Colleague: 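Shown below is the structure under consideration.
Residue numbers begin at 1 in each chain, while the letters A, B, ... track the order of the sequences. All of these numbers come straight from a predicted model, not from anything done at the bench. Computed over heavy atoms, backbone and side chain alike; hydrogens, waters and symmetry mates excluded.
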2 protein chains.
Amino acid sequence: MTTIDEIARLCNVSKTTVSRVLNNHPYVSKEKREMILKVINEIDYTPNSIARQFRKNETRTIALSVPSIDHPFFAQLIKGVSLQALSNKYKVVVFQTFYNQTIELELLELLKHKEVDGVILGALENNWCKIEPFLKYGPILLCNEYHHSANIPIIGYNEFEATYKAIVHLIEMGHNKIGFCYDTPYSEAQCQRKDGYLKALDDYNLPHNKDWIFGGVFNIEDGFHIFEQINNLKDSPTAIFTGNDQVAAGLIKRATISGFNVPKDLAVIGFDNQLICQVVTPTITSIDIPIIELGQKAFLKLIDCLLGNVSLRREVIRLPTNLIVREST
Amino acid sequence: MTTIDEIARLCNVSKTTVSRVLNNHPYVSKEKREMILKVINEIDYTPNSIARQFRKNETRTIALSVPSIDHPFFAQLIKGVSLQALSNKYKVVVFQTFYNQTIELELLELLKHKEVDGVILGALENNWCKIEPFLKYGPILLCNEYHHSANIPIIGYNEFEATYKAIVHLIEMGHNKIGFCYDTPYSEAQCQRKDGYLKALDDYNLPHNKDWIFGGVFNIEDGFHIFEQINNLKDSPTAIFTGNDQVAAGLIKRATISGFNVPKDLAVIGFDNQLICQVVTPTITSIDIPIIELGQKAFLKLIDCLLGNVSLRREVIRLPTNLIVREST
DNA sequence: GTGAAAGCGCTAACAA
DNA sequence: TTGTTAGCGCTTTCAC
């Protein structure tokens, strides 16, 4: 294996000089620089990145956790983070937690072991007190999830407001029996959505009904199941906030083939405004959120912390959301 | 930062002994082992992974390239690779090439720089002659793509046969004007599909028509455009193989809202058998392929090469595919 | 069973 | 402008 010493020997210079050329340091004479570069090219030498990382104690790699990569929202989030990382010459290790607490902690071990310089959590499986101790090993930030007291940057969008808007829209369309779906109750972001939902009901003097609230709902198949549940209720909602376009798509499909008219019999509103909204019939009303931008912003914030420009401290950034009305409401 | 020396000092042993404990080597007395373990726990010591990787010249990380992560097929592929990597305690760095040749080569630089132990290419942007030189730095294998001569393991499914089956199905449904979509002409896998398409036409004495072949087609939006193209033809096909469920979904949607009856006026067949097939109206006939398994197999094959159990040599593995008939044909 | 010592490839003080 | 030297944290001979 070719090393820096080999180059130094070939060029009759010290390896320091070679290292300087490699790192674009000043104070190398033009002739030497050129000669060294020439030799490097000729014998196809490549610096060993791991040795560099070891020496500098810096990996130029960050870790990103998501529950599962095959969910369009998270795929987009990864894309945003990756795009920004690419242009900053960082690598991203994507960790799928599969909604598993242990795997999330394993991701944080990477930080402890110095295998990554920082971490972006795209979801939160563990109680914050399990996460916090890892802060001493490097910066961690929360993206697309919220915590009421964690002393780190938090980047998301206004879940409360987005949900409130959505529910008010349903109310304005004449509905007063409105259901609500969420994924996990442990998520503070999801709780904020629920608060938005309840606030809208209260503001318009509509009744709450526990039967109209559905948890553990993530994907198309869950959408299928939700329809069965709704259909089995004695008193069913006439409109439902699904929390996610996949769920909306599954729900609409089952409702339609069971003879429901969407939106007349059941209005459905999604979340995320993915392309799937435009291909199902009827098309899905949804909340548009800037996911790519969310990922990019998260990465840039992490880099700030990494470079020490900004110390790690609580800061809540909320990106704007936008209601897109289509046929399903 | 705590190091192995610190532990050694605290325990009055050499760092060799600590290292032995850390690596579960034999020949450490029970008492010492227990004492060392105890101290390690107490002061929360973690070995520095980069130092280890440096010393062992092994990163336990592999790189995986895909064109773009937010395409359901590739998201699933990543999931398969990641699942298997997780259980083998490897990390996966996912590289999105965005269909860009330079980025694909950057990924291979990781191998050259020893930042990853091996590479799985989930697509192929560059000419093989650009890729081949990197083989001397570590194992590379091809997954979901094909090459006629590359001397590496190739894992995919039988594109020819799958497409042939699909076209024959359309013919049996009474169609004789059948269109074909592909993504990129550089892809040998796509060429095999085209061969399957043409063979089926020939076997049933159906005419070829260049106007019915559409390239550069990847996602839902492309499906939208394809419909416009078909609709503008004087002599349009009555059935179309889209090569991918996203395209099929987009195409079906536009056709339907333009008053076409799918499948009567235009039969559409997808590929990949994603959940989206079940939520659009009409539901989409598709080719089911074991994507997760594809990713898992690819990882396991790479590990085999890495561990030297198997030397890197040409080997073509083709997983089975299955035609799933639904309403769109 | 255990430890001393070398060294993986590189960068960065410091000296010249 | 250049080189000498030390050392990052760890594993692995080799000798005891």
Side-chain angles (χ1 to χ4, degrees), chain A residues 1-37 39-40 43-61 89 109-117 137-138, chain B residues 1-37 39-40 43-61 89 109-117 137-138:
Chain A
M1 189 188 175
T2 332
T3 71
I4 203 172
D5 290 277
E6 178 82 358
I7 307 294
R9 200 176 50 72
L10 253 33
C11 297
N12 272 312
V13 296
S14 74
K15 57 180 179 176
T16 310
T17 305
V18 179
S19 173
R20 286 196 180 103
V21 171
L22 253 21
N23 292 281
N24 280 313
H25 285 185
Y27 304 128
V28 181
S29 68
K30 208 179 166 191
E31 314 92 81
K32 290 210 168 157
R33 185 179 297 273
E34 281 169 1
M35 172 180 62
I36 290 170
L37 251 20
V39 171
I40 284 178
I43 70 170
D44 193 35
Y45 160 76
T46 327
N48 181 315
S49 294
I50 298 295
R52 262 183 164 161
Q53 292 175 24
F54 173 48
R55 181 55 231 249
K56 293 195 170 187
N57 198 24
E58 176 203 89
T59 62
R60 289 194 84 81
T61 303
K89 305 212 168 178
E109 288 290 325
L110 292 184
L111 191 61
K112 190 172 174 188
H113 289 250
K114 302 264 176 203
E115 289 195 70
V116 298
D117 297 342
Y137 306 115
Chain B
M1 190 188 175
T2 332
T3 72
I4 202 173
D5 291 276
E6 178 82 0
I7 307 294
R9 200 176 49 73
L10 253 32
C11 296
N12 272 312
V13 297
S14 72
K15 55 180 180 176
T16 311
T17 305
V18 179
S19 174
R20 285 196 181 103
V21 171
L22 252 21
N23 293 280
N24 280 313
H25 286 184
Y27 302 127
V28 180
S29 66
K30 205 178 166 192
E31 315 92 81
K32 290 210 168 159
R33 185 179 296 275
E34 281 168 0
M35 173 180 61
I36 290 169
L37 252 20
V39 171
I40 284 177
I43 70 170
D44 192 35
Y45 160 76
T46 327
N48 180 315
S49 294
I50 298 294
R52 260 182 166 163
Q53 292 175 23
F54 173 49
R55 180 56 228 254
K56 292 194 169 187
N57 197 24
E58 177 203 87
T59 63
R60 288 194 85 83
T61 303
K89 305 213 171 179
E109 288 290 325
L110 293 185
L111 191 60
K112 190 172 174 188
H113 288 251
K114 303 264 177 204
E115 288 195 70
V116 299
D117 297 342
Y137 305 114

Colleague: If I take atom CD1 in residue B:I7 and atom P in nucleotide D:dG9, what distance separates them, rounded to the nearest angstrom?
Modeller: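 From B:I7 CD1 to D:dG9 P: 13 Å.
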Colleague: On DNA chain C, check which nucleotide each of B:F54 and B:V28 is closest to and give me the residue with the more 5' one.
Modeller: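 The residue whose closest nucleotide sits nearer the 5' end is B:V28.
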Colleague: Can you name the side-chain hydrogen bond (donor to acceptor under 3.5 Å, both in side chains) partners of A:E109, sequence neighbours left out?
Modeller: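 Result, side-chain hydrogen bond (donor to acceptor under 3.5 Å, both in side chains) vs A:E109: A:H113.
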Colleague: Measure the distance from CD1 on B:I50 to C1' on C:dC10 and round it to the nearest whole Å.
Modeller: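 Spelled out: CD1 on B:I50 to C1' on C:dC10 is 14 Å.
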Colleague: Base, sugar-phosphate alone, or nothing: which one does A:P26 contact when heavy atoms must sit under 4.0 Å apart?
Modeller: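 Here A:P26 touches no strand at all.
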Colleague: Which residues pass the salt bridge (Lys or Arg N to Asp or Glu O under 4.0 Å) test with A:R9, not counting sequence neighbours?
Modeller: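 Per chain and number, A:R9 pairs via salt bridge (Lys or Arg N to Asp or Glu O under 4.0 Å) with A:E6.
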Colleague: To the nearest angstrom, how far is B:N57 atom CG from C:dC10 atom P?
Modeller: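 The answer, rounded to whole Å, is 11 Å.
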Colleague: Testing the basics here: between A:K89 and A:R60, what is the closest heavy-atom pair and its distance to 0.1 Å?
Modeller: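 Closest pair (atom of A:K89, atom of A:R60, distance): O-NE, 3.1 Å.
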Colleague: Judged by each residue's nearest nucleotide on DNA chain D, which is more toward the 5′ side, A:A51 or A:S14?
Modeller: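 Of the two residues, A:S14 wins.
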Colleague: Determine the minimum heavy-atom distance between A:P47 and A:L22, stating which atoms define it.
Modeller: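 Taking A:P47 first and A:L22 second, the nearest heavy atoms are CG-CG, 4.2 Å.
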Colleague: Among residues at least two apart in sequence or on other chains, which ones pass side-chain contact (heavy atoms from CB on, under 4.5 Å) with A:H25?
Modeller: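 Listed in chain order: A:R20, A:N23.
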Colleague: Take the protein atom CG of B:D5 and the nucleotide atom C1' of D:dG7, then report the distance between them rounded to whole Å.
Modeller: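 Answer to the nearest Å: 12 Å.
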Colleague: Measure the distance from NZ on A:K114 to P on D:dC10 and round it to the nearest whole Å.
Modeller: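 Rounded to the whole Å, the gap is 11 Å.
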Colleague: At less than 4.0 Å, is any side-chain N or O atom of B:Y45 found next to OP1 or OP2 of D:dC10? Yes or no.
Modeller: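 Answer yes for this pair, as a side-chain N or O of B:Y45 is under 4.0 Å from OP1 or OP2.
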Colleague: Rounded to the nearest Å, what distance is computed from the CD atom of residue A:E6 to the P atom of nucleotide C:dC8?
Modeller: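 Answer to the nearest Å: 13 Å.
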Colleague: With sequence neighbours excluded, tell me which residues meet side-chain hydrogen bond (donor to acceptor under 3.5 Å, both in side chains) with B:S14.
Modeller: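 Checked B:S14 against side-chain hydrogen bond (donor to acceptor under 3.5 Å, both in side chains); matches are B:T17.
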Colleague: Checking contacts here: which listed nucleotide (D:dC10, D:dG3, D:dG9) is nearest the side-chain heavy atoms of A:K32?
Modeller: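 So the side chain of A:K32 is nearest to D:dG3.
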Colleague: Please list each protein N or O that sits under 3.5 Å from an N or O in nucleotides 12-16 of chain D, with the distance.
Modeller:
| unit_1 | atom_1 | unit_2 | atom_2 | d |
| --- | --- | --- | --- | --- |
| D:dT12 | O4' | B:R55 | NH2 | 3.3 |
| D:dT12 | O4 | B:T16 | OG1 | 3.2 |

Colleague: Between B:N12 (CG) and C:dG3 (C1'), how many Å, whole number?
Modeller: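 Roughly 13 Å, once rounded to whole Å.
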Colleague: From C-beta outward on B:T17, which listed nucleotide comes closest to its side chain: C:dG3, C:dC10, C:dG1?
Modeller: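 The nucleotide sitting nearest to the side chain is C:dG3.
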Colleague: Just to verify, what does A:D44 make a side-chain hydrogen bond (donor to acceptor under 3.5 Å, both in side chains) with, not counting sequence neighbours?
Modeller: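 A:D44 satisfies side-chain hydrogen bond (donor to acceptor under 3.5 Å, both in side chains) with B:K112, B:Y137 once adjacent residues are dropped.
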Colleague: Report the distance from atom CD1 of A:I4 to atom C1' of C:dA12, rounded to the nearest whole Å.
Modeller: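 One finds 12 Å between C1' of C:dA12 and CD1 of A:I4, rounded.
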